[in-house]
Amino acid sequence: MFRPVPTRPDLVAMEHEILEQWRDRATFSRLRAQNAGGPHWSFLDGPITANNPMGVHHAWGRTYKDLFQRFHAMLGEDQRWQNGFDCQGLWVEVNVERDLGFKSKRDIEAYGIAEFVSLCKQRVLTYAARQTEQSIRLGMWMDWNDPDELRRLRDLLAADPQQLTTTQGPDGPITDTVEMLVGRLGMPDLGGSYFTFSNENNDLIWGFLRECHKRGWIYKGHDSMPWCPRCGTGISQHEMTEGYQDREDPGLTVRFPLVDRPGESLLVWTTTPWTLAANVAAAVGPDIEYVRIRQGDASFWIGKGTLKQSARGTFEVVESKKGSELVDWRYTGPFDDMPAVRDAFAKGTRDDPGSPYVHRVVPWTEVGEDEGTGIVHIAPGAGAEDFQLGKSLGLPVIGPIDESGRYYAGFGWLSGREASGQAEAIVEDLERRGYFYHLEPYTHRYPHCWRCGTPLLFRLVDEWFISMGQVYDQPRDTLTPAQKAASLRYQIMDIVDEIRWIPGFGYERELDWLMNMHDWMISKKRYWGLALPIYDCQNCGTYDVIGGIDGLEERALEGWDRFKGHTPHRPYIDEVTIRCSGCGEPVKRIPDVGNPWLDAGIVPFSTIHFREDKEFWEKWFPADFITESFPGQFRNWFYAMLAMSTVLRKTAPFRTIFGYGTLIGEDGRAMHKSWGNSIEFDEAAERMGVDVMRWLYTAAKPEDNILFGWHTADGARRRLLVLWNTYSFFVTYARLAGWTPAGATAASTPMDRWILSRVAGLAAAVEDRLQDVDPAAAARLIDAFIEDLSTWYLRLSRRRFSRNDDAADRAAAFSTLHATLAALARIVAPILPFLSDSMYGNLVAAFDDSAPDSVHLTRWPTQELAGFVDPALETAMATARRVVDLTRTLRGTSGLRVRQPLARMWLAIPGADVGQVEGLLELIAEEVNVRHIERIDDESALVDRRIKPLLPKIGKRLGAAIPAVMAAAREGAFEVHPDGSVTLGGVTLAADDVEIQATPRPGTAVAHDEGLVVVIDTELTPELRAEGDARELQRAIQDLRKDAELDLDARIELWIDGLPAEVEPHLVSVARETLADRVTRGRPATGSDATTGSVELTNGTVTIGLRGISGPTAA
RNA sequence: GGGGGAGUAGCCCAGUUGGUUAGAGGCGCCGAGCUUAUACCUCGGAAGUCGGAGGUUCGAGUCCUCCCUCCCCUACCA
């Protein structure tokens, strides 16, 4: 017997049961063993940052990852099943700092870098364990580490990183120091997830950087770069994603008094008053017209086109000059008395190093008049464009702020103050000293730190870059091999061409990024991350890039013993010095760590054992498939992998990339804890169930955002409940009938053959959609099938399961539904791993010892089911359903409920379907409760005709005559000729220029749809009415049974009072249908425990009473 | 600032090379029906200046111009 299935499922409890079952039966490892050695399918997991518990947005991508892995496993394909954790970088540092209450890098230095780095590692292990548990809960099958083991390593690491410990690898125990074991996680001998902080990962990045250096692409840049004063590090262009936010800054106009033109000043506008102390020049557009305006005693130079926005109060234009005429005018800066400014100016310019520099007007073609005064404040030490301009003119540079964003010494009262907070003080100071002109708030988009949200400043720094090569001013396909060889970006583009991007716009977006990206800034002035293997000689300027730890040992001059036994992280790695290859002096490693996308970009190599197992690598590289959320990844993970793979192997690291959008709250806003629209993964899993979540994600259009919330989930759950109810129905009646599966599927009726054909087609179609990476389409197909199964097959077949004296027919029905549900369980298995396995276990595994004990160990069923496919039957059934729909509509509009039998209906069916539909007439008759169906060939006697001119065909030809033709068609003013042509509105149209449609004649019940015409006979005889009344009575009794909460098979005692005579003959069958063993005339005795009710019939009201007859099956 | 996309019913949104009565689907609402698997399903209904203004055309949600709003990509213009 089947295990009973409740009508209202507890999906969450069921999921926990299945999880336990998988664990107890080692289902996953048996799947891996089963597919080992088969054709392989290579999935590469994009690492999830192990820095926090995973969120519902991660569950979206992880659903895709799991469903495709499971699907390919059902195709018998061997896989690596390796999850990845992203471990290094500012993400983790910022959280550890926060936990410790640190405010700046000085706090970290004081705390100790070794201890800080250890805490970062510990945090990663904590959340890797947590995310592992959550992913398992999601049903994600991967080669997971034991979360408790990860936490054990974390605790040992905290206690003493150098203690020895043993952990279990796939091929036996491994013993090493805790620190080194942690550094070896994910390697073949340890198994489990890969961790980007691993020794191997770091080492291979060194190799990559060495390769870049060999080609001359690594360089040190000196520039004004975006800088986060809180994090104390530069922010690369690659990291600017989502870094722009609206911000209100002071829009300050200041006066720069001209040295040689007494009483006259330049007016200059800035939104960053803190940079005024670094002012070196004022730029004008050489071709812009400037005017001098007089206001009181003073007069000001200003761009003519900016007068409206910049000049305040009344003024008089007294003079006009072109920008080029202003060039070289000298002016007094507002902070000229500061030592730092004096020192910088004392050295003079590049072209005139002898004499001290004085602020002056310089030409710059970029100057515009849309904003500001048309005269631009230039501070090369505090702005990227300023720096470039200053460099080209050889101007002095003043770098005003240190790494925490405070003014250096030499800036008078500003020294030591935070630059970002000085606007007000500077304005006051300028006002007092007569440099102030005007101030008003200005809102604009301003870059912020992507990690901590602090507004970025531009700061003079040395950073390390990988050159991406020049951009040629010519189409890509006209580039010569030599040009490509010289420019990495074009080499990457060629790789991008080889990849299938889903959705397609990803391809253009990646190319766009590659075309516009700047050089890759790989350095970060922080602590936790890849130690950049760059050794920059302070003596001679030579820099070496070391290609691996082994290479470092060879070159090590001093400190190797202090590093040995540690993972290649700060501070230990910093101990090692090498001999400069240029001058022989000892050189230290630059203190910078690496851009974290180097860590993730190398994984197609590091995690597929590029170095330690070439054969393995050749087999699994490139990955067949990766999938990640789009935002940011074009410049991050996708980019990093492409760049690194291009350099190392000149091949694509993956063949297909499937991207998806962003998950936001149900209210259409980003999920935010304080907005109350945020849902934690754990809460979602335990309240809605993960199959519901997985269905929601699978059915979503990947390129759109998902509005995630409890209501969205309700929609998904509803679909799953329909499936569940079908399953529950089957089990309920199979148990009642004592039916169990045996032998081959025995379909008998067209209905049986139809549903089997449908499920067979579904298997093939879903396979096709999943092969083509279109999970949403697969979900739609499944959704439509569940609807067909429930509202058509089952709805029309119910009686065959419950009150069927024909044993063979009943067995056929059970056999068909069983086969259908068993096949469906396998088809939905990749998407709904829990529900499917629960169904499969009960329906199949429990009865068939030769079948695998989990649906996930079965093969995709397309081939097995192929014999059931019957397209002609499916087409006919679609027609039959349409007929039923039309008939229901007719009944609705005629006020004839379906319970009321009708004598007959007429049906016209387009030729092609006739043969097949003929066999379904009985089915239609039963479903719409009509005694006889008459087929008619020509419906003209029953309907009016209407002409629909086919506008796309005739529109161009007739032009202005169209309105008249259409009006005639609407009014029915047309004449049909024997040859099928039609005259209307003064025009004759050929037969194929029009469509003739049937339309109901007033007073008749006719419906039509694409040639299908249905007419019902609305005449009711007394006999038909009596029969309708009987069904009405029966319905009322069944309702009462439900009210009385009786079991489906409970026998009852029935009281009937006031039954009209004409319904009397039907009472026996009513009693039979309602399982009434005893029928008493009159009402139940007062005080009886019977349930009572009444029903309106055509000729009077009937009172009903009923009561369960006590017995083993009574409630 | 530059590039791209989108604005259609209370909401999420389809709408094919321009075709006259704007609607495929989903949610919500209203009404009815069906049902001893289904507090489920089916059928029907209401409601829209198709972001705004012009233009091309016999005819525009669809094509063109300008404007408004939102989103995405990109960007230190001061």
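The chains referred to below are lettered A, B, ... by the order of the sequence lines, with proteins before strands, and numbering in each begins at 1.
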Restricting to salt bridge (charged side-chain N to carboxylate O under 4.0 Å, His left out), what partner residues turn up for A/R780, sequence neighbours left out?
none

Rounded C1' spacing from B/rG61 to B/rG23 in Å:
11 Å

Please give the distance between the C1' atoms of B/rC66 and B/rA9 as a whole number of Å.
28 Å

B/rU56 to B/rG18 separation - C1' atoms, rounded to the nearest Å
11 Å

Please enumerate all residues that pass ring-ring contact (aromatic ring centres under 6.0 Å, His included) together with A/Y446, with sequence neighbours excluded.
A/H444

Between B/rG26 (C1') and A/R717 (CZ): distance, integer Å:
17 Å

Could you pull out all residues at least two apart from A/R717 that satisfy salt bridge (charged side-chain N to carboxylate O under 4.0 Å, His left out)?
A/D714

Just jot down the salt bridge (charged side-chain N to carboxylate O under 4.0 Å, His left out) partners of A/R957, sequence neighbours excluded, or say none.
A/D993

Those residues that, when tested against A/W274, pass ring-ring contact (aromatic ring centres under 6.0 Å, His included) (two or more places apart):
none

What is the ring orientation for A/F801 with A/F814, classed by angle as parallel under 30°, tilted 30 to 60°, or perpendicular over 60°?
perpendicular

Could you check whether the rings of A/F730 and A/H818 sit parallel, tilted or perpendicular, using 30° and 60° as the cut-offs?
tilted

Listing time: all N or O pairs from protein to nucleotides 67-72 of chain B that are below 3.5 Å?
from	atom 1	to	atom 2	distance (Å)
B/rC72	O2'	A/R509	NH2	3.3

Restricting to ring-ring contact (aromatic ring centres under 6.0 Å, His included), what partner residues turn up for A/W269, sequence neighbours left out?
A/Y442

Under the salt bridge (charged side-chain N to carboxylate O under 4.0 Å, His left out) test, residues paired with A/E1032 that sit two or more places apart:
A/R897, A/R899

Mind checking the P distance from B/rG52 to B/rA22? Whole angstroms is fine.
16 Å

Residues in side-chain hydrogen bond (donor to acceptor under 3.5 Å, both in side chains) with A/R799, at least two apart?
A/E1073

Across all chains, not counting sequence neighbours, the ring-ring contact (aromatic ring centres under 6.0 Å, His included) partners of A/W724 are A/Y727

Quick one, give me the B/S/- string for nucleotides 33-38 of chain B, reading 5' to 3', where B means a protein heavy atom under 4.0 Å from the base and S means that only happens at the primed atoms, P, OP1 or OP2.
SSBBBB

Would you tabulate the nitrogen or oxygen pairs shorter than 3.5 Å linking the protein to nucleotides 17-21 of chain B?
from	atom 1	to	atom 2	distance (Å)
B/rG19	O6	A/K956	N	3.3
B/rU20	O2'	A/R970	NH1	3.3
B/rU21	OP1	A/R970	NH1	2.9

